[in-house]
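Reading through the structure tokens given below for one structure.
Residue indices begin at 1 and follow the sequence shown. Atoms considered below: every heavy atom in the structure, side chains included; atoms not considered: hydrogens, waters and symmetry mates. First listed ligand is number 1; within each ligand, the first listed atom is number 1.
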Amino acid sequence: MKPINVALIGLGTVGCGVYQTLHIQRQRLEKLVGAPINILTIIIENPDKHQKISAKTNVTTDVNAVLNNPEIDVVFEAIVGKEPAFSILKECIQAKKHVITSNKEMFATHGEELKRLASKYNVQIGYDATTAGGIPIIQIIQQLLKANQIQYVQAILNGTTNYILSAMREKNITFSTALDEAQKWGYAEPDPEKDIEGFDAYYKLMILSELIFEKQPDLKNVKRKGIRDITEESIQGLQTEGKRLKHIAKIGYDATGKLTASVEPEAVSKEHPLYAVEGVNNAIHIKGDIVGDLTFTGPGAGSFPTASAMIEDFCILFKKEQTAIASSKAHATV
Ligand SMILES: NC(=O)C1=CN([C@@H]2O[C@H](COP(=O)(O)OP(=O)(O)OC[C@H]3O[C@@H](n4cnc5c(N)ncnc54)[C@H](OP(=O)(O)O)[C@@H]3O)[C@@H](O)[C@H]2O)C=CC1
Ligand SMILES: N[C@@H](CC=O)C(=O)O
């Protein structure tokens, strides 16, 4: 049986989660996708950091080892920032490789172009890991909410800020101690300003916006405010009023028909659907015109939750491929 040959680009918090999951869960995954899985190549930046990888895998800084290898079927990309990720993924798609990414900053800007390119080259893009970590929100919206028109979204889309706000309240620790903890757990971006100032949540909101509303709002209709100025006193003060501070991302049409979005701290009380979302968890609350209100909650960052989203994309992709091969064989025999 032809194996599925995999490449990883990036072997940090997320890439390691994917690598380990492909090893630990190998038997089950191979059964699911119906083929042996080989990790042929891993692209990293500093080779000295990565001594413990199996000798069967080529670990290199040269991305051509992926682009010029026709044996590689699928590329998992988990590096930081728009470039070189966008250029690499474009070339992977042009080389007819499926791609699975966790890189929201890149995908919020270039996702639509990559989707068009993938459709032209007849390959698939998985991007569930870009938004809300382990919550399979992209697949849920794509596959399970086709008939509903989603009217608005309000969500906690950043694990680091939710962790900080929860830890400041529960453990009565400072902002900077809470941020150190989030960094230690691998939740924060290499540049944590992206989390704290709300850029990361904004990227994820824009990815949801493209999926749900098929466009992004004009920048003038987007408000973004971080949590840098939040003090322990203000959090404890809200606690005595029975409220919690949450960094909430919202998007929907306003009364004048404009698509508007915001990412900002908000004090919410017990009745609010996001009140009980604590620690590194994220949650997405949506209103569908048929179903009504739905809330999805789960781990929003970290190695294995994010790897889970990428591996689920991988399984969906190759199950689809196997079904297509099986049905074309069936037609050939008839
Ligand atoms: N951490 C999390 O919980 C989540 C992160 N993400 C996103 O996933 C992506 C990866 O995040 P994370 O794993 O935390 O980041 P890390 O900083 O932990 O890892 C980044 C990896 O990318 C490699 N790398 C960096 N630049 C290049 C390059 N130019 N070419 C090849 N490899 C490169 C690094 O190599 P080396 O190891 O040699 O330095 C490292 O292995 C980011 O886009 C992030 O926003 C998404 C969801 C959750
Ligand atoms: N830094 C991000 C990682 C996941 O997307 C976060 O904290 O949510």
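- A ring-centre distance under 6.0 Å is found for His98 and Phe318.
- Near ligand 1, Gly10, Leu11, Gly12, Thr13, Val14, Ile43, Ile44, Glu45, Asn46, Lys49, His50, Ala78, Ile79, Val80, Pro84, Ser102, Asn103, Lys104, Ala129, Gly186, Glu189, Pro190, Ala301, Gly302, Thr306 each place a heavy atom less than 4.0 angstrom from the ligand.
- Residues Asn162 and Val277 come closest through the heavy atom pair ND2-O, 3.1 Å.
- Tyr152 has its ring centre no less than 6.0 Å from the ring centre of Tyr253.
- Here the shortest heavy-atom pairing between Val153 and Ile286 reads CG2-CG2, 3.6 Å.
- For an aromatic pair to be called close, the ring centres must be under 6.0 Å apart, and Phe86 with Phe107 fails this.
- Listed by chain and residue number, nothing satisfies the ring pair (Phe, Tyr, Trp, His ring centres under 6.0 Å) test with Tyr202 (two or more places apart in sequence, or in another chain).
- Between Gln139 and Glu312, the side chains place no donor N or O within less than 3.5 Å of an acceptor N or O (distance only, hydrogens not considered).
- The environment of CD in Glu214 is sparse: at most 12 heavy-atom neighbours from other residues, nucleotides or ligands sit within 6.0 Å.
- Note on residues 226-235: pairs passing side chain to side chain donor-acceptor pair (under 3.5 Å), not counting sequence neighbours, are Glu193-Arg228, Thr231-Ser234.
- Protein residues having at least one heavy atom under 4.0 Å from any atom of ligand 2 are Lys104, Asn158, Gly159, Thr160, Tyr187, Ala188, Glu189, Asp195, Asp200, Lys204, Gly300, Ala301, listed by chain and number.
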